[in-house]
Amino acid sequence: MKEFRTLTKDELTEEYNKARGALKEWEAKGLKLDLTRGKPGQAQLDLTTDMLSVISDREDCFSENGLDCRNYGILDGLPETKRLFSELLGIPEQRILVLGNSSLNAMYDTITRAMLFGVAGGNEPWCRQGRIKFICPSPGYDRHFAICQRIGIEMLPVPMTPEGPDMNAVYDIACSDPSVKGIWCVPKYSNPEGITYSDETVEQFAALRPAANDFRIFWDNAYSVHDLTDEPAELADIFTAAEKYGTQDNIFYFASTSKITFPGSGVAIMAASEKNIEQIKPFLATQTIGYDKINQMRHVKYFKNAEGIRAHMKRHAAIIKPKFDIVTSTFERELGGLGIAEWNEPKGGYFISLNLEDGLARRVYRLAMKTGVKLTPAGATYPYGRDPRDRNLRIAPTYPENDELQTAIDILCLCIKRAAAEKYLKNFE
Ligand SMILES: Cc1ncc(COP(=O)(O)O)c(C=O)c1O
C-alpha cells in the first residue's frame, strides 16, 4: 500500500469513498462498542472468583498477630498484607501503608492533605503558597490530570520519550520554580504508551533536587506486575536509587490490586519514607478507624505470597495478550505503510497508544462515535484535554469480547482512513 501523502486526487477519492461506504453499512447496524476504559473483561474477573470464598468462617478472620479482622483495629494494614506487598514490590514493610480499595483515592487524598496541611519537612500547606503547579508527562493518565484540574493545580505538560519523561524538561522546570510541587509518573507500562522508565530515568528522578522543599514525585506503579509477555520490562527500584542521594522523602509511591483481583474491591497501598509515613498517619487516623481488613486477609489467603500473584498474572496475560494482538495486527494490516498512524506494541499494562497524523484525532473520535464505537475522547491523555497536535487516541482493548474488539478496530481503521483521505484531499482544493 502506498503512503497517503503520495496518492493522487483520484486515488484519495477512491479511498475516501470506500471507507465512507463501509462506515455507512456499519452505522446501519446500530452497534454499541466500547473501547474507553481499561477495565478487566469478564473472563479476567472470573479468574479470581475463588477468592470470594477463602474466608468462610471465624477462624479465617484472625491475623497472625491475633487481631480479629472483623473488628476495628490496625490503621496501616495487617502485617501479612504488608509482607505480601513488600515481597511483591521490593519495598520494606515499614514503608507501606495498606489502605482501602483504590490507589487513585489515595493519590487524591495525598494531594488534598498536602494542600490543607503541607508535607513532611515542607513549610506551609500548598494552598497557602499561591498558585502551585504539577509537571504532567504527556500523554498520560487522564484521571491524574483530572485531580489537578479539580483542585486547581496548574498543569505543565512535558513530553514522553521511549525512556520515560523528558528529564531535561523535568529538571528545567522542577529545579527552577518553587511553585512546582510535584510530578505524575506511571513508571512501568505507562498509561497510555506502555513505556517503562529506563534505569537512567529512575536514577535521574532519584537525583532530582527540586527548587521546592515540599516537592513530591507521585510514583503510580499501577502496572507493576501486569506483563503481557515472557520478557517483562524491568523497572529499577526508586527507593533504592533515592537512598544514594538522600532523596527518599521526595517519593510518594502507589499501587493496588485493582487489575490483579477486582477493580473496586482490591487492596491499595501507599509507600513512603519513614518520615513521610509518620507525618501522614495521624491524618489517616482522623479519616478512618481502619480499612477493610477482611479484604486484606482475603488477598493474603488467596495468593499466599508474591509468587502466587505472579502466577495469577500469567493467567491474566493469557486472556488479554490475544486482545492486544487483535489491535496491533489489525492496525498493521489496515494502516501499515500508509504513513497516517503509529502505535506502540506494549509488553504490559492496559493500553495501546495510537498517534495519528496531526489534526485527525478529534475527527476520528467523532466518526467512530457516529458508527457506534466509543473511544476515550481525543485529548483526554493531555492536561486540560488539550492535545497540542490533536493526534493521540488511547485504545483500551481488555474489556470487549474478542469478536467485538475486532469489529471495533476494523471500524476505527476505516474512520482513520476516511479522515486521512479527507485531510489530503483538501490539498487539491
Ligand atoms: C495509571 C493508573 N493509576 C491508577 C489507576 C486506578 O487505580 P485504582 O483502581 O487503584 O484506583 C489506573 C486505572 O486505570 C491507572 O491506569
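Order of appearance sets the numbers: ligands from 1, and atoms from 1 within every ligand.
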Just which atoms of ligand 1 are under 4.0 Å from any heavy atom in [X]?
X	answer
A222	1 (C), 2 (C), 3 (N)
D220	1 (C), 2 (C), 3 (N), 4 (C)
S258	8 (P), 9 (O), 10 (O)

- Message: As a quick check of understanding, evaluate side chain to side chain contact (heavy atoms under 4.5 Å, CB included) for E274 and R95, giving each step before the final call.
- Response: CA-CA 6 Å; E274 288 77 353; R95 291 202 168 162; 3.1 Å; yes
- Query: Would you say S103 has any N or O atom under 3.5 Å from an N or O of ligand 1, going by distance alone?
  - Reply: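 So ligand 1 has an N or O lying under 3.5 Å from an N or O of S103.
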- N or O pair under 3.5 Å between S256 and ligand 1: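 So ligand 1 has an N or O lying under 3.5 Å from an N or O of S256.
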What residue and heavy atom of the protein are closest to [atom], and at what distance?
atom	result
atom 5 (C) of ligand 1	Y141 OH, 3.3 Å
atom 11 (O) of ligand 1	S102 OG, 2.7 Å
atom 14 (O) of ligand 1	K259 NZ, 2.6 Å

Check whether the side chains of [X] and [Y] place a donor and an acceptor atom closer than 3.5 Å, and report yes or no.
X	Y	value
N355	R389	no
S273	Q248	no
D387	T381	no
D237	T240	yes

- Check whether any heavy atom of R37 sits under 4.0 Å from an atom of ligand 1.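 Per 4.0 Å heavy-atom rule, R37 does not contact ligand 1.
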- Message: Tell me whether ligand 1 is touched by Y223 - counting only heavy atoms on the residue side and a distance under 4.0 Å.
- Response: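 Yes, that is the case, since the closest heavy atom of the residue is under 4.0 Å from the ligand.
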- Relative to each other, are the rings of H299 and F303 parallel, tilted or perpendicular (30° and 60° limits)?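 Taking F303 first and then H299, their aromatic rings sit tilted (interplane angle of 30° to 60°).
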- Contact check, side chains of Y350 and P40, non-hydrogen atoms, under 4.5 Å: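 With C-beta onward as the side chain, the pair touches.
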